[in-house]
Amino acid sequence: MEFSHKPVLLTECIENLNIRPDGIYVDGTLGGGGHSAAICERLSEAGTLIGIDRDEDALEAAGKRLAGFPCRKILVKSNYADIKQVLAEQGIGAIDGALLDLGVSSFQLDNAERGFSYMQEAPLDMRMDREDGLTAYEVVNEYPRRRLTEIISGYGEERWASRIASFIEKAREEAPIETTTELVDVIKAAVPASARREGPHPAKRTFQAIRIEVNDELGGLERALRDFVDVLAPGGRFCVISFHSLEDRLVKEEFARRENPCTCPKNIPVCVCGKKPEVKRISKKPIVSAPEELEDNPRARSAKLRVCEKL
């Protein structure tokens, strides 16, 4: 199928990256190349785009989309959390800007065989990199009920997590839960009818939680936030788009920590710890989509962009 993905907050990201025509920029979540294409439009032959993705389909589609641009393009199958290794392998010490668009792409949601969507029949997979070992099937059928409860509650922020985990445990005792629709049926049975009538699809939060677990999304994000700031050149910008509160909290806290790393007690008038600010936040509040974008792309509704600049 065609790789389709509308880049969220595109104008806001490009404006905040402050792109130099001869600079080096990293798109750590390449996807279909929407954000990368806008970056490449502003790069000269002396500029470099490094695109990273765990999904081979994304890399192939983005390669075709970016082929006509004059800048140097380096597309790498990797996890953005491994940014230092990626740059070292390319002999690059520092970059002038970076972008992360977190979460799952429209292509992955729409491609039924990947198992990301609770709206389509598919095997329980949910791997962004299909060479990874852990699948959603193993999480659903092999994790202890207590661990399932922790994942669904913590990563999905699902109020019915304990009940859903209990229903999953009971269902898999009779036969393995093998498909997305089978899992959806179990979740629907677990969530009281009154709760199903309001809010999002009853399986949305549980599917999100399992996907995060399968792909270690929060662990990878924590590493990436530290390492991307480390590899920015002075004046370089780092843009991160998140889609749920757990991601946004990690971004907000890491940017704030790097902006004010002082560990001295607040009642000490002069800093003695010696820790200096590494970044400045471009906006203390997250940047959100304009009404025009929300009309055109409903996925942008929960998107929050945070930006910092290396000092």
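No hydrogens, no waters, no symmetry mates; every other heavy atom, side chains included, goes into these values. Keep in mind the model is a prediction, meaning the values are calculated, not measured.
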Practice task
Any salt bridge (Lys or Arg N to Asp or Glu O under 4.0 Å) involving residues 214-236? Give me the pairs, sequence neighbours left out, ordered by first then second residue.
Solution key: Lys84-Asp227, Lys84-Asp230, Arg211-Glu217, Asp216-Arg223, Asp230-Arg258

Using every non-hydrogen atom in the two residues, find where [X] and [Y] come nearest and quote the distance to one decimal.
X	Y	value
Ser289	Val8	OG-CG1, 4.4 Å
Cys271	Cys262	SG-SG, 3.7 Å
Ile210	Ile151	N-CG2, 4.5 Å
Thr149	Ala165	OG1-CB, 3.2 Å
Gly23	Leu43	O-CD2, 4.0 Å
Ala189	Arg163	O-NH2, 4.2 Å

Once rounded to the nearest 0.5 Å, what's the spacing between atom [atom1] of [X] and atom [atom2] of [Y]?
X	Y	atom1	atom2	value
Glu142	Leu134	CD	CG	8.5 Å
Ile177	Thr181	CD1	OG1	11.0 Å
Arg306	Ile241	CZ	CD1	13.0 Å
Leu30	Leu66	CG	CG	6.5 Å
Ser44	Phe69	OG	CZ	13.5 Å
Cys40	Asp27	SG	CG	9.0 Å

Whether the side chain of [X] engages the backbone of [Y] through a donor-acceptor N/O pair (distance < 3.5 Å, no angle test) should be reported.
X	Y	result
Arg42	Ala38	yes
Asp101	Thr29	no
Arg237	Asn16	yes
Asp129	Asp55	no
Gln208	Tyr155	yes
Ser283	Pro286	no
Asn297	Glu293	no
Lys310	Val279	no
Asn141	Tyr137	yes

Is it true that [X] and [Y] make a salt bridge, defined as a side-chain N closer than 4.0 Å to a carboxylate O?
X	Y	answer
Asp22	Arg20	yes
Asp132	Arg54	yes
Lys280	Glu259	no
Glu60	Lys64	yes
Glu213	Arg147	yes
Glu254	Arg257	yes

Exercise for the section: Decide whether Ser245 and Glu157 meet the rule of one side-chain donor and one side-chain acceptor closer than 3.5 Å. Expected result: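 Yes, Glu157 and Ser245 have a side-chain donor paired with an acceptor closer than 3.5 Å.
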
Handout entry: Between Thr206 and Glu158, a side-chain donor and acceptor under 3.5 Å
Key = no

Note, [X] side chain near [Y] side chain (heavy atom, < 4.5 Å):
X	Y	result
Val139	Met126	no
Ile164	Arg159	no
Asp125	Phe116	no
Lys77	Glu131	yes
Asp53	Tyr80	no
Val240	Leu102	yes
Tyr25	Leu99	no
Arg114	Arg130	yes

Counting only heavy atoms from other residues, nucleotides and ligands, does the tally under 6.0 Å from [atom1] of [X] exceed 12?
X	atom1	value
Lys204	NZ	no
Lys73	NZ	yes
Arg196	CZ	yes

Practice task
Kindly assign one of parallel, tilted or perpendicular to the pair Phe228 and Phe238, based on the angle between their ring planes and the thresholds 30° and 60°.
Solution key: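 Because their plane-to-plane angle is under 30°, the rings of Phe228 and Phe238 count as parallel.
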
